[in-house]
Amino acid sequence: MKLAIWMVIILGLNWGGFVYLLVRASKKKPLK
Amino acid sequence: MSQNNRQDEFASRWGFLAAAIGMAVGTGNIWRFPRMVALYGGGAYILIYTLALFLWSAPLLMSEMAMGRSARLGPIGSFRDFVGRRSTWMGAWMVAVCMLITFYYAVVTGWCMKYTVFAFQGAFKPGVDTQALWDKFLHSPWQNLFYQFLAIFLTGVILYKGIKGGVEKVTKIMVPALFLFLIVAALRGVTLHGANLGLEYIFVPDWSKLKDPATWLQALTQSAWSTGAGWGLMLTYSVYVKKKEDIAQNCFVVGFGDQTAALLAAMAVIPTIFALLPSPEAAKGVMAGSNTGLTFISLAGLFPRMPGGLVIAPIFFLAMVFAALTSLIAQVEVGIRTLMDFGLNRQKSTLLTTGACFLFGVPSAIVPGFLNNQDWVWGVALLISGFFVLLAMRKYGPERVRQEIINPSADIKMRRWWSLVISYVAPLIFIILTSWWFYVAIASHPKTWWKPFSIETAGTIIFQWIIVLVVLIIANNFLAKKTVRPPEEVES
């Protein structure tokens with residue numbers, strides 16, 4: 001249980017952050 | 001400005017991100033991060049490592065991107081334009097350190113290639129003596145030279161075709177493939193019988209390790225080295241982005257992408273070691289060893305004992321090759337960009353840089369002790385490069401950089417914390433980390449620390465740094481004069 005909780009916290013923070021930023025980056029086109 | 005006359009640049013944001021993530025994710029993510037996590041408190045270490053992204057790595061990456069995107073020149077020209085003509089040598093130091101690392105990193109990339117060939121040949125059979133296999137390869141100069149040449153040749157072919165036609169095309173395939181390989185290897189690792197113990201070593205925090213200064217220092221160092229902050233790589237790639245490309249968002253994507261790859265690698269490596277070795281003590285012994293020992297001896301020996309190991313071994317080593325090669329491409333580009341800023345075209349610059357990389361890498365390819373010495377000396381020097389970037393920001397004004405360069409075209413705007421980190425927190429981290437590395441160097445050789453010709457002493461660091469610094473400071477005015485903006489970038 002302890003392992004599951006910490007996996008969710010750490011992977012959520014890192015992988016979640018990465019996927020969120022990637023999706024956000026793909027939605028905004030850079031200005032020329 | 002006609003379309004044909006425009007400087008080569010990334011065609012899309014995804015192309016730039018693929019190249020930049022490939023730059024950051026290197027062999028260190030796969031063979032160093034898992035060892036550090038297991039040794040320094042698992043989750044506690046990862047939390048500090050994540051904090052380091054905000055206090056050192058991401059602010060430095062943003063500073064580099066701000067410099068490269070604005071100056072449209074490599075490190076030498078960027079320092080001249082941002083800090084002043086008299087400080088051009090700082091940019092030259094950044095280029096020199098990056099290239100000195102590149103000389104031996106091509107040899108390391110060659111090792112990964114050789115082990116991929118071994119894996120495809122099925123060389124990791126049950127009972128194979130992987131220590132003897134590694135020793136035999138390491139002491140075969142011709143084999144090392146061949147694979148070093150192959151690594152540089154492939155990198156040269158890609159860079160010869162330019163940013164859009166070479167780097168972007170290749171990294172858009174290699175980086176997703178690298179993540180896919182790591183996911184497959186991690187899935188195999190976490191589904192092994194007995195993988196739970198390894199997973200606990202990665203994720204469950206050992207809070208007692210927070211009292212050990214080494215945990216903090218190793219996490220900060222790993223983040224600084226792993227993201228490529230202070231290497232001049234992000235600065236160089238940023239020369240080729242659109243003039244209003246988002247700085248903060250892209251740098252955070254690169255930072256989090258680097259951490260994602262590192263965590264995947266840890267999930268592939270640590271559960272495998274803990275599940276297949278006879279005891280947790282034996283597993284910890286492997287983790288306390290060396291990067292090459294973990295990868296080329298221990299893991300290579302465990303693949304035959306793992307269900308599906310004959311398939312996982314080529315996938316794992318191919319991931320190492322892709323990680324190393326995409327970083328090597330970025331490193332060699334720093335040299336190419338520098339020569340292009342001196343007025344040479346890309347083709348000539350590529351031939352000269354790759355030729356130099358091969359020639360100056362020969363000692364590392366044939367004498368393992370020389371490679372270890374260079375890794376020791378120039379790895380620590382990267383912290384100095386990072387400090388020079390902080391000085392450049394301080395000279396230009398962190399608030400000015402934030403308000404005039406970073407925020408106007410940003411989706412994610414930086415608040416005042418960014419300037420505070422650049423002005424106070426990051427310089428403090430630099431002082432602590434550099435002092436600590438010198439303390440370690442002196443404490444581990446209390447009687448011989450001053451010796452300039454030993455492999456891992458403080459003396460060899462100081463000796464080699466002084467030689468490079470003196471040469472670059474003497475060449476300062478020449479370098480400042482020689483660096484010119486390409487004609488197509490001169491504003492009319």
Side-chain angles (χ1 to χ4, degrees), chain A, chain B residues 9-10 12-14 16-18 21 37 42-47 49-51 53-54 58 69 179 183 186 190 195-206 241-264 266-267 408-412:
Chain A
M1 190 62 189
K2 201 174 169 184
L3 173 63
I5 291 169
W6 279 106
M7 279 184 80
V8 169
I9 292 171
I10 290 170
L11 294 181
L13 190 68
N14 281 283
W15 295 3
F18 180 48
V19 172
Y20 166 75
L21 286 164
L22 261 187
V23 171
R24 194 165 164 167
S26 69
K27 283 183 179 168
K28 185 187 169 246
K29 291 228 183 291
L31 300 163
K32 294 279 177 190
Chain B
E9 65 178 27
F10 288 103
S12 66
R13 171 177 282 181
W14 169 232
F16 168 63
L17 280 175
I21 293 171
V37 169
Y45 174 91
I46 295 174
L47 292 176
Y49 175 73
T50 306
L51 187 68
L53 178 66
F54 290 87
R69 199 194 69 172
F179 274 83
I183 289 168
V190 299
N196 258 19
L197 185 59
L199 285 173
E200 283 177 14
Y201 266 90
I202 305 174
F203 292 106
V204 179
D206 176 358
V241 298
K242 290 181 173 58
K243 286 183 179 174
K244 289 188 177 172
E245 182 64 68
D246 197 317
I247 292 178
Q249 191 172 54
N250 286 320
C251 290
F252 275 120
V253 170
V254 172
F256 275 96
D258 180 67
Q259 299 204 162
T260 295
L263 281 168
L264 279 170
M267 289 167 72
S409 56
D411 177 26
I412 298 174

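Worth knowing before you read on, the calculation uses all heavy atoms, side chains too, and leaves out hydrogens, waters and symmetry mates. Below, read A as the first sequence line, B as the second, and so on, with proteins coming before strands; counting in each chain starts at 1.
With a threshold of 4.5 angstrom between heavy atoms, A:L13 approaches chain B through its backbone and through its side chain. Neither the backbone nor the side chain of B:D258 comes within contact range of chain A; no heavy atom of the residue lies under 4.5 Å from a heavy atom of that chain. With a 4.5 Å cut-off on non-hydrogen atoms, B:L53 does not touch chain A at all. For chain A, the nearby parts of B:L199 are the backbone and the side chain; heavy atoms of each come within less than 4.5 Å.
Side chains of B:D411 and A:K27 form no contact here, defined as non-hydrogen atoms less than 4.5 Å apart. Residues B:F203 and A:L11 are in side-chain contact: their nearest non-hydrogen atoms beyond the backbone lie under 4.5 Å apart. In this structure the side chain of B:L17 reaches within 4.5 angstrom of the side chain of A:L22, judged on heavy atoms. Contact of the B:I21 side chain with the A:F18 side chain is registered, since non-hydrogen atoms from C-beta on lie closer than 4.5 Å.
The two residues B:G43 and A:I10 come nearest to each other via the heavy atoms CA-CD1, 3.6 Å. Smallest separation of non-hydrogen atoms from A:K2 and B:V204: CE-CG1, 3.9 Å.
In this structure B:Y201 satisfies the ring-ring contact (aromatic ring centres under 6.0 Å, His included) test together with B:F274, sequence neighbours excluded. With sequence neighbours excluded, the residues that form a ring-ring contact (aromatic ring centres under 6.0 Å, His included) with B:F54 are B:F252.
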